[in-house]
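Working notes for the structure below.
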Amino acid sequence: MPSPETTADLLAPAPVATPGTPGHPASQGEFGFEVTTRLNESCNPTAEAIEQNGGTFQGRTGVITTPHGTIKTPAFIAVGTKATVKSVLPESMEDLGAQALLSNAYHLYLQPGADILDAAGGLGAFMNWQGPTFTDSGGFQVMSLGSGFKKVINMDAVAASPHAGADDSVAVGKERLAHIDDDGVWFKSHLNGDMHRFTPEVSMQVQHQIGADIMFAFDELTTLLNSRGYQEMSLERTRLWALRCIEEHFRLTEERTGKPYQALFGVIQGAQYEDLRRKASHDLGEMNFDGFGIGGALEKENLGTIVRWCAEELPENKPRHLLGISEPDDIFTAIENGADTFDCVSPTRVARTSAFYTPDGRFNLSGAKYKRDFTPLSEECDCYTCENYTRAYIHHLFKAKEMVSATLVSIHNERFVVKMVDDARLAIENGTFFEFKAETLRRYYPKR
RNA sequence: GGCAGAUUACCCGAGUGGCCAAAGGGGGCUGACUGUAAAUCAGCUGGCAACGCCUUCACUGGUUCGAAUCCAGUAUCUGCCA
């Protein structure tokens, strides 16, 4: 397929990315999205849900098709930043029902290098994961290594900055490892201090080499502390980067003919501002993306509203991925407002420090009260860990600093979130979503 | 038997006249983690009716306005000598 030569081509009517569609790079294969059930058509919302949403719901079920298999949505996408879900074998991820994994372009670019993954036959082949894969663009690291460095955010400094609104990052954080400009970002490697340049083009090249089925456009993630002026400036930067990502993506798709088609998702920013979120969704929605990521700084209370703003502006026939979410309440909120997939580090990160999920809330297994608790992490869980191990045993592993503790709890936590989202999907199909949500959250947050 | 040194909170270990309920580790307890610089980080860790009081630095007795810190004796341990 010819690559677009002008910006107008990039903005050309966005074809539904179904396999074999002429005029779209996906024609060489195997990316698509089909909505199968809409929440509006099969729902019996609670009064509370109606009040929160004004009676309209964006939620749906669907199927994403990729060269490495399908993903039934809503789906939780487990995070494996450096081509591994920390402490868990890919076989275990498959057994616990994970449909797809998400890695990170920045991390893999630094180590082992994207060319290694390319030579290995792509991310999935490299790590022995047969299913669909995603890569994040490195956009998150612009924040986490930059203004979000060590999460030290000095509000006084922001308020006092004479440059507030122009470049808030000047006032935020110290010893930042990332410095952003309109063309891209300078990263100082957190591994050895080398300087690296990331631009939208570099991110696309890296992600094409890594070879995930779904890639994300290179974006800037702002923090809630950035001024409105900075948010506007940053959003425009992300918009221009999106166009550059598409152009480079098309060029690489052509150049790398013969490789499985890689889908590209644009990333919606705009922080907590309705007009910015809607504008970003509208602007990127008109571009030739295969789907969208909803990213950025958002307060928990606004999560549903923000997802809804985006969903209302985005094309309905393309999948929407909400970046970085997995708490049960957030998942339900996101689903009913139109998010199809989510990813989050939480299940494994939290597992490594002994927190485990149950239908009755999250608890710390390192607590002394589990010393003689010979029950599974959750009586109702069907995961490998719960079928074979007790709380007392895993508590002991934590106390003894034995590494399998992380493995066992990570398997359980990943299963818990995967299953919760799977159950939510079934509930949408059965028309019982709101009852399921209410019951699940009532149990999980008994104190609310 | 002689000489020298040691003894601090659950453990290791700083402190050698007042700023000491006593640094720093470890351990223990509690909490936090939402596109992973996270097998990380934070708080607490003598007692209590708690902006104060009480009991602690091997034990006993002294010196001093004041002692974990100085002196004497006792106990235990470690070296070296017989």
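Order of the sequence lines fixes the chain letters, A, B, ..., with proteins taken first and strands second; residue numbering starts at 1 for each chain. Keep in mind that what you see is a predicted model, and the values were worked out from it rather than measured.
- The nucleotide G73(B) finds its pairing partner in C59(B), both defining distances of the Watson-Crick or G-U wobble pair being shorter than 3.5 Å.
- By the 30° and 60° cut-offs, the orientation of the rings of H208(A) relative to H249(A) is tilted.
- Between C33(B), G35(B), C29(B), one nucleotide has an atom nearer to the side chain of A368(A) than all others, and that is C29(B).
- Taking a pair to require two hydrogen-bonding distances under 3.5 Å in either a Watson-Crick or a G-U wobble arrangement, G17(B) remains unpaired.
- In this structure, N413(A) atom CG and U36(B) atom P are separated by 17 Å, rounded to whole Å.
- When heavy atoms are screened at a 4.0 angstrom cut-off, E299(A) is found touching no nucleic acid atom at all.
- In a base pair of the Watson-Crick type (N1 to N3 plus N6-O4 or O6-N4) or a G-U wobble (N1-O2 and O6-N3), with each distance short of 3.5 Å, U78(B) is matched with A4(B).
- We find that CG of L177(A) is positioned 16 Å from P of U36(B), with the value rounded to whole Å.
- When distances are taken from the side chain of E327(A) to each of U34(B), U36(B), A32(B), the shortest belongs to U34(B).
- Classified by its glycosidic torsion, C11(B) falls in the anti category, the angle being over 90° from 0.
- Base pairing of A42(B) is made with U30(B), judged by Watson-Crick or G-U wobble geometry with both donor-acceptor distances under 3.5 Å.
- Taking atom C1' in both G24(B) and U8(B), one finds a spacing of 14 Å when rounded to whole Å.
- Contact annotation for A406(A): no contact, since no heavy-atom pair falls under 4.0 Å across all strands.
- Across U64(B) and U69(B), the matching P atoms stand 16 Å from one another, rounded to whole Å.
- In summary, E248(A) and R244(A) do not engage in a salt bridge, as defined by a charged side-chain N under 4.0 Å from a carboxylate O.
- The gap from the C1' atom of A50(B) to that of C44(B) amounts to 15 Å, rounded to the nearest Å.
- Pairing of A23(B), defined by two Watson-Crick or G-U wobble distances under 3.5 Å, is not identified with any nucleotide.
- Taking only side-chain atoms of H107(A), from C-beta outward, the nucleotide of C33(B), A39(B), U36(B) with the closest atom is U36(B).
- Using a 4.0 Å heavy-atom criterion, one finds that D343(A) contacts the sugar-phosphate atoms exclusively.
- In this structure a side-chain-to-backbone donor-acceptor pair under 3.5 Å is missing from N413(A) to T348(A).
- N104(A) has a side-chain polar atom (N or O) that falls below the 4.0 Å cut-off from OP1 or OP2 of U36(B).
- Here CG of D136(A) is found 10.0 Å from OG of S103(A). Values are rounded to the nearest 0.5 Å.
- Contacts of D219(A) with the nucleic acid, taken as non-hydrogen atoms under 4.0 Å apart, include base atoms.
- Counted by atom type alone, S203(A) and Q207(A) present one or more donor-acceptor pairs between their side chains at under 3.5 Å.
- Using a 3.5 Å distance cut-off with no hydrogens or angles, the side chains of E91(A) and N128(A) do pair a donor with an acceptor.
- A salt bridge is absent between K279(A) and D275(A); no separation between the charged side-chain nitrogens and carboxylate oxygens falls under 4.0 Å.
- The partner of U36(B) cannot be assigned: no Watson-Crick or G-U wobble pair with both contacts below 3.5 Å exists in any strand.
- Residue contacts shown for T348(A) include a base, since a base heavy atom lies under 4.0 Å away.
- For G26(B) and C80(B), the C1' atoms lie 33 Å apart once the distance is rounded to whole Å.
- Between F342(A) atom CZ and U34(B) atom C1' there is a gap of 13 Å when expressed in whole angstrom units.
- The P atoms of A42(B) and C33(B) are separated by 16 Å, rounded to the nearest whole Å.
- You'll find that the side chain of S137(A) is closest to G35(B), out of A39(B), G35(B), G31(B).
- Between the C1' atom of A38(B) and the CZ atom of F398(A) lies a distance of 14 Å, rounded to the nearest Å.
- One finds no side-chain N or O of K399(A) lying less than 4.0 angstrom from the OP1 or OP2 phosphate oxygen of A39(B).
- Contacts between residues 184-209 of chain A and RNA chain B, counted as heavy-atom distances below 4.0 Å, involve H190(A).
- No engagement by H321(A) is indicated, since no non-hydrogen atom pair under 4.0 Å with the nucleic acid exists.
- Partner of Y370(A) under the ring pair (Phe, Tyr, Trp, His ring centres under 6.0 Å) criterion, out of F356(A), F398(A), Y393(A): F356(A) alone.
- Distance check, rounded to the nearest 0.5 Å: CH2 of W241(A) to CD of E220(A) gives 6.0 Å.
- At the heavy-atom level, G296(A) lies under 4.0 Å from base atoms of the strands shown.
- Residue S346(A) places no side-chain N or O under 4.0 Å from the OP1 or OP2 atom of U34(B).
- As the counterpart of G52(B), C48(B) is assigned, both hydrogen-bonding distances of the Watson-Crick or G-U wobble pattern falling under 3.5 Å.
- Rounded to whole Å, the separation between the P atoms of C59(B) and A68(B) comes to 11 Å.
- In summary, the side chains of T238(A) and Q269(A) do not present any donor paired with an acceptor at a separation below 3.5 Å, with no hydrogens or angles considered.
- A straight line from CZ of R349(A) to C1' of A38(B) spans 5 Å, rounded to a whole angstrom.
- Of the listed residues (F216(A), F33(A), F289(A), F265(A)), just one forms a ring pair (Phe, Tyr, Trp, His ring centres under 6.0 Å) with H321(A), and that residue is F216(A).
- Atom CG of D340(A) and atom C1' of G35(B) are 16 Å apart (whole Å).
- Going from the P atom of A75(B) to that of C65(B) covers 32 Å, rounded to whole Å.
- When rounded to the nearest whole Å, the span between OH of Y370(A) and C1' of C29(B) equals 14 Å.
- Here K86(A) lies in heavy-atom contact (under 4.0 Å) with a base.
- We find that CG of L365(A) is positioned 12 Å from P of G31(B), with the value rounded to whole Å.
- Listed pair K401(A) / G26(B) fails the phosphate criterion, with no side-chain N or O lying under 4.0 Å from OP1 or OP2.
- Comparing U55(B) with G66(B), their P atoms are spaced 16 Å from each other, to the whole Å.
- The partner of A67(B) cannot be assigned: no Watson-Crick or G-U wobble pair with both contacts below 3.5 Å exists in any strand.
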